[in-house]
Enquirer: 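The structure's right below; bear with me while I get my questions together.
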2 protein chains.
Amino acid sequence: MREKVLVAAELFAEFGLDATKMEDVAAATGVPKATLYYYFEGKEDILAFLFVHVLDQLGRAVGGALRTGGTAAERLRAVVCAHLGVIESFPAASRALQFDLGRAARSPMIAARTEAAFVEPVGALLVEGARDGSLRPVAHPRLVATAILGAVTTTGLNALTPAAKRPLERVADDLATFVLSGVAA
Amino acid sequence: MREKVLVAAELFAEFGLDATKMEDVAAATGVPKATLYYYFEGKEDILAFLFVHVLDQLGRAVGGALRTGGTAAERLRAVVCAHLGVIESFPAASRALQFDLGRAARSPMIAARTEAAFVEPVGALLVEGARDGSLRPVAHPRLVATAILGAVTTTGLNALTPAAKRPLERVADDLATFVLSGVAA
DNA sequence: TACAGTTTAGACTCTCAGTACAGGCCCAGG
DNA sequence: CCTGGGCCTGTACTGAGAGTCTAAACTGTA
């Protein structure tokens with residue numbers, strides 16, 4: 001069921017939640033409407049499920065990047081690349097997340113998972129970087145982590161826009177350098 | 001009428017477009033439903049009007065910051081502060097913009113105005129900074145400008161969240177330093 | 001007064017989320 | 001082979017709310 005529903009991400013990404021009818025989801029996934037309501041509380045619940053899925057991947061990717069060796073600065077670069085990698089792996093769900101960002105932000109559960117998956121660990125990494133001398137100390141690590149999150153998602157998703165579709169690898173370098181310089185020692 | 005409708009921003013900011021009924025807008029603004037439909041094509045049209053209003057302010061603020069004297073780096077700092085200033089002046093409309101970011105991004109008109117108000121001029125400023133030596137040269141100025149846009153909006157709006165309401169001035173310094181260092185020479 | 005444009009109340013249509021429910025499918029226990 | 005109880009699904013329904021329509025009221029102008 002989980003895998004089937006992932007297809008709905010493309011609808012949500014293209015049209016947004018409101019413009020997507022439950023029947024469309026049923027048609028696209030092959031799961032009948034009544035069954036969708038059997039498994040999910042409603043449309044929002046399906047969206048939330050997709051978001052959680054993406055955020056889980058993001059959390060895993062960030063965790064992996066943090067566990068690579070090297071200085072905090074090197075690992076931060078790895079985090080940025082991993083983040084872009086997640087966006088690339090789940091373009092539809094990522095764009096859906098951006099599309100209904102506001103809705104996601106209102107959900108305490110989603111907000112908490114964003115914190116846990118990104119802001120928390122990256123904030124800690126900034127602190128660590130100040131200690132190991134590879135990054136400059138910042139007054140509010142979580143604030144800067146949020147700024148990094150915003151920079152990466154906005155840029156990454158912009159690059160996915162049908163209008164300006166450009167390979168994320170090319171984006172990665174400029175973006176990572178920007179972020180790195182922003183907190184470099 | 002324009003001023004009356006600005007009140008609706010608070011509804012959109014708090015509940016989002018879909019969860020806000022046309023009757024709610026009528027009640028909040030004091031303008032009867034039929035009259036709203038006389039002036040606007042529909043709910044989305046009202047939202048678009050609000051967004052254009054914010055983006056106009058943003059464009060003006062950025063323009064003003066660019067016209068201050070000094071190096072490109074100094075003016076970039078001014079841009080960041082001006083941007084935060086706009087968010088602070090129009091918190092409801094700004095949050096509504098974030099809330100329905102996806103919808104806004106789908107509208108070519110809104111996307112074009114975002115480009116014109118921010119990405120275009122800031123990209124040009126980055127190029128100028130590379131010439132005057134106050135900023136380091138970047139391969140894709142518009143991409144970096146987009147990253148800056150993302151960093152500032154995400155951080156600024158996060159700071160407005162009821163949960164973590166913290167004065168934007170405090171945010172400004174850390175954020176501006178982050179952005180500045182990110183492109184400093 | 002007459003006329004034109006603006007504003008409004010109220011009743012209407014139509015789409016769609018979500019519900020209700022009855023039947024169908026499948027499988028374990030007898 | 002039956003049978004009972006889960007899980008799944010088709011179909012019909014309810015209700016909310018967007019947007020439309022129309023006729024009347026109001027406003028300013030000549």
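Computed from a predicted structure; not experimentally measured. The chains referred to below are lettered A, B, ... by the order of the sequence lines, with proteins before strands, and numbering in each begins at 1.
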Enquirer: Could you give the angle between the helix axes at the two ends of the helix from C:dT1-D:dA30 to C:dG30-D:dC1, with five pairs per end, rounded to 10 degrees?
Expert: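 Axis-to-axis angle, ends of the helix: 10°.
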
Enquirer: Where is the tightest heavy-atom contact between B:A82 and B:A65, given as atom of each residue plus distance?
Expert: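 Residues B:A82 and B:A65, closest heavy atoms: CB-CB, 4.2 Å.
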
Enquirer: Is there a residue in residues 36-51 of chain B whose heavy atoms reach under 4.0 Å of DNA chain C, and which residues are they?
Expert: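 Listed by number, they are B:Y38, B:Y39.
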
Enquirer: Compare every heavy atom of A:V144 with every heavy atom of B:F178, then report the nearest pair and how far apart it is.
Expert: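 Taking B:F178 first and A:V144 second, the nearest heavy atoms are CD1-CG1, 3.9 Å.
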
Enquirer: List for me each residue that meets salt bridge (Lys or Arg N to Asp or Glu O under 4.0 Å) alongside A:D18, sequence neighbours excluded, and say none if there are none.
Expert: A:R103, B:R103

Enquirer: Round to the nearest Å and state the distance from A:E23 atom CD to C:dG18 atom C1'.
Expert: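 My rounded result for the distance is 12 Å.
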
Enquirer: Starting at NZ of A:K33 and ending at P of C:dG18, how long is that distance when rounded to a whole Å?
Expert: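 These atoms are roughly 9 Å apart.
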
Enquirer: Could you grab the distance from atom NZ of B:K43 to atom CG of B:L47, nearest 0.5 Å is fine?
Expert: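 So the gap between those two atoms works out to 9.5 Å.
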
Enquirer: Can you pull out the residues from residues 9-20 of chain A that lie within a 4.0 Å heavy-atom distance of DNA chain C?
Expert: A:T20

Enquirer: Looking at A:S94 and A:V86, what are the two nearest heavy atoms and their distance?
Expert: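 Scanning both residues completely, I find the closest heavy atoms to be OG-O, 4.2 Å.
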
Enquirer: Just how far, in rounded Å, is C1' of C:dT6 from NZ of B:K4?
Expert: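 After rounding, the gap between these two atoms is 12 Å.
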
Enquirer: List in chain and number order the residues that pass salt bridge (Lys or Arg N to Asp or Glu O under 4.0 Å) with B:D56, two or more places apart in sequence or in another chain; answer none if no residue qualifies.
Expert: B:R113

Enquirer: Can you name the residues that form a side chain to side chain contact (heavy atoms under 4.5 Å, CB included) with B:D24, not counting sequence neighbours?
Expert: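 Partners of B:D24 under the side chain to side chain contact (heavy atoms under 4.5 Å, CB included) test: B:L11, B:T20, B:K21.
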
Enquirer: Any chance you could measure B:L157, atom CG, to B:I87, atom CD1, to the nearest 0.5 Å?
Expert: 4.5 Å

Enquirer: Could you measure the distance from the CG atom of A:D100 to the CZ atom of A:F51? Nearest 0.5 Å is fine.
Expert: 5.5 Å

Enquirer: Under a single-linkage definition using a 4.5 Å side-chain heavy-atom cutoff for Ile, Leu, Val, Met, Phe, Trp and Tyr, are B:V119 and B:L101 assigned to the same hydrophobic cluster?
Expert: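 Looking at the clustering, B:L101 is in a separate group from B:V119.
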
Enquirer: Could you list the protein-to-nucleotides 24-27 of chain C atom pairs, N/O on both sides, closer than 3.5 Å?
Expert:
none

Enquirer: Report, one line per pair, each donor and acceptor closer than 3.5 Å where one atom sits in a side chain of residues 124-132 of chain A; sequence neighbours left out.
Expert:
unit_1	atom_1	unit_2	atom_2	d
A:E128	OE2	A:R75	NH1	3.4
A:E128	OE2	A:R75	NH2	2.8
A:D132	OD1	A:S134	N	2.7
A:D132	OD1	A:S134	OG	2.7
A:D132	OD2	A:A72	N	3.1

Enquirer: Does B:D45 have any salt bridge (Lys or Arg N to Asp or Glu O under 4.0 Å) partners at least two apart in sequence or in another chain, and if so, which?
Expert: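 Residues passing salt bridge (Lys or Arg N to Asp or Glu O under 4.0 Å) with B:D45: none at all.
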
Enquirer: What are the two closest heavy atoms between B:L175 and B:A151, and how far apart are they?
Expert: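 Closest approach of B:L175 to B:A151, heavy atoms only: CD1-O, 4.2 Å.
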
Enquirer: Suppose the criterion is side chain to side chain donor-acceptor pair (under 3.5 Å): which pairs have a residue in residues 5-16 of chain A, not counting sequence neighbours?
Expert: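 For residues 5-16 of chain A, and leaving out neighbouring residues, there are no side chain to side chain donor-acceptor pair (under 3.5 Å) pairs at all.
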
Enquirer: Would you say A:L6 and A:F99 are hydrophobically clustered, going by side-chain heavy atoms of ILVMFWY under 4.5 Å?
Expert: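 Looking at the clustering, A:F99 is in a separate group from A:L6.
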
Enquirer: What does the list of N/O pairs under 3.5 Å between the protein and nucleotides 20-22 of chain C look like, with a distance for each?
Expert:
none

Enquirer: Between which nucleotides of DNA chain D, 5' to 3', does chain A make heavy-atom contacts below 4.0 Å?
Expert: D:dC7 to D:dG10

Enquirer: Which heavy atom of A:A48 sits nearest a heavy atom of A:I110, and at what distance?
Expert: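 Closest pair (atom of A:A48, atom of A:I110, distance): O-CD1, 4.1 Å.
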
